[in-house]
**Q** 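Can you read through this structure? Questions will come right after.
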Amino acid sequence: MNQPEYDVAIVGAGFAGLYLLHQCRELGLSARAWEAGTGVGGTWYWNRYPGARCDVESVQYSYQFDDALQQEWDWSERYAPQPEILRYAEHVAERFSLYDDIEFNRRVAAANFDEQSALWTLHAEDGDTVTARFCIMATGSLSVPNWPDVRGRDDFNGELHHTALWPHDGVDFRDKRVAVVGTGSSAIQSIPMIAKDAASVTVFQRTPNYSVPAHNHPMDPDYAAKIKANYADLRARQGETFNNIAGEHAKRSAMSVDEAERIAEYERRWREGGLLFLASFDDILMDEAANDTMKSFVHDKIRSVVNDPDVAELLCPDNIIGGKRLCVDTDYFATYNRDNVSLVDLRQHPIDRINSKGIEVGGQQYNVDVIVFATGFDAMTGALTRIDIRGRGGALLRERWKDGPSTYLGIAMNDFPNLFTVNGPGSPSVLTNMLPSIEQHVQWITACIAYARDAGHNIVEPTAQAESEWWAHVQDTAGRGLKSSADSWYVGANIAGKARVFLPYYGGFPEYRRRCDEIAKNGYSGFAMSG
Ligand code: N01
């Protein structure tokens, strides 16, 4: 009765789940992954909307655990498009024979810990079960689509899609009148692509967003060869930065230089493109005056691109830059110069309702054939609270977290023995380049399990004290600077009724890794091992 079917049950076969499977095998642990989709790839399996691509450079947004894999895979562009990243995930699954241990079409509904046997039982929606000593949630940080509570969605007679649940055979926009709701990263990537095909695109914007140009381009073979010749150096440089992205992270204040020098720096970075625009100076997210200088630079850029001054003003965000996740685009603002694209401001009037013919706002009717919800995700906690996770004494994780989550290292929770989360709340995760952060978590979690096994323990659980000290530290770092003041998904502000808590760890990747390494070196301090 005390013998599980597997040492480790893994929920999800995205980049975290795939590497977990591989790493478990390397450590001699039997493992099985359950995946809700019909294929691997996680985020890149579900988000197939037009224009979807990663906004971290492809040579950095990739696994580093196997050098042969790094050497054999060729990225075609500076920023990899979704189909290519999905092919990469499939390649990894084939190359390491991972498919043998993945069950698809298995959405986990519940996970229960039995104290007597010290085993987890996972229950799939289809009624199937599996038992394992350890359960690892590799369920993604942005994997539960947010359908806003807009009246009448079911009344619509046309096609209705969410960017995060995109049909596998695509959507034909030709000659269609299209509504896009939302102006986050998914919308900003998809709107220019949809506008090329559709008869018209009407964008329903509640909060304008900051976006910097991607300046995407085909991969330069010389650059790729240079990276491959010294991949280890790039990976080491990545891991030394706050966000696990190698590049130019300035070490001076925006206010330490005069205006001309500041603007010249912003210009240079704008021409370079990409997320590291925010790293032009080191106090952009620390000092409101510094933030204002970058804000007004971007406002000027928007005004210089968008022909209609009224539309340009509507597109200029007034919140701090970098508070919400910065977007990276190709021709987003210029798309508003097209005759077939228009913008509806929802700040005066929110959407009244959806009806059979389209969307009604402030008493005005917008007739459309297709509605695209680019309305984001119940981030970081959503995938975990949707599963009925019960630990010691029947403790229900969803109930524990109703006023906000609490974890040890974003990895484990007291009263939920032998349960681990990859990139859980309280880890750097979404503030960093996800792939190397996933690798760090997978290596740490599997090493912890192997350590317990080798020491003859079958129960691993963080102490209540370690968890509360870690969570206090997470909240302390969150209070530094400006980021947590923004109404973003980082604080759950996009989900009605969700507790407002800054969810990721804001201490930076190097500091986080240092602490994780120290804890491991001290025999996994903060964890009680028994059994
Ligand atoms: O979602 P979002 P996303 N009525 O939450 C609006 C990653 N990602 O899917 O801001 C009207 O950012 C909402 O308005 P507001 C990346 O980390 C990465 O775009 O709440 N509008 C907002 O404009 C990103 O940050 C990549 O006022 C409503 C939009 O919907 C994260 O995923 C690509 C509404 C949601 O924006 C999420 O991005 C894509 C309502 N009732 C995503 N409810 C790359 O790597 C919500 N909205 C490039």
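One-based numbering, in listed order, for ligands and for the atoms of each. Just the heavy atoms: all of them, side chains too, but no hydrogens, waters or symmetry mates, feed the values below. As the structure is a computational prediction, the values presented were derived from the model and not from experiment.
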**Q** Quick one: do R235 and E439 make a salt bridge, cutoff under 4.0 Å?
**A** no
**Q** Dump the pairs for me: ligand 1 N or O, protein N or O, distance under 3.5 Å, to 0.1 Å.
**A**
from	atom 1	to	atom 2	distance (Å)
ligand 1	9 (O)	S186	OG	2.6
ligand 1	10 (O)	T207	OG1	3.4
ligand 1	10 (O)	K324	NZ	2.5
ligand 1	19 (O)	S185	N	2.9
ligand 1	19 (O)	S186	N	2.8
ligand 1	19 (O)	S186	OG	3.3
ligand 1	20 (O)	R206	NH2	2.9
ligand 1	23 (O)	T183	N	2.9
ligand 1	25 (O)	W489	NE1	3.0
ligand 1	27 (O)	R206	NE	2.8
ligand 1	27 (O)	T207	OG1	2.4
ligand 1	30 (O)	A374	O	3.3
ligand 1	43 (N)	R206	NH2	3.4
ligand 1	45 (O)	D55	N	3.3
ligand 1	45 (O)	D55	OD1	3.3

**Q** side-chain hydrogen bond (donor to acceptor under 3.5 Å, both in side chains): which pairs involve residues 193-214, sequence neighbours left out?
**A** S211-D329
**Q** Check this for me, if you would: do R78 and E272 make a salt bridge, where the nitrogen-to-carboxylate-oxygen distance has to be below 4.0 angstrom?
**A** yes
**Q** Can you list everything that forms a side chain to side chain contact (heavy atoms under 4.5 Å, CB included) with A289? Sequence neighbours excluded, please.
**A** M255, D287
**Q** F377: what forms a ring-ring contact (aromatic ring centres under 6.0 Å, His included) with it, not counting sequence neighbours?
**A** none
**Q** Can you tell me if Y45 uses its side chain to pair, donor with acceptor, with the backbone of T38 under 3.5 Å?
**A** yes
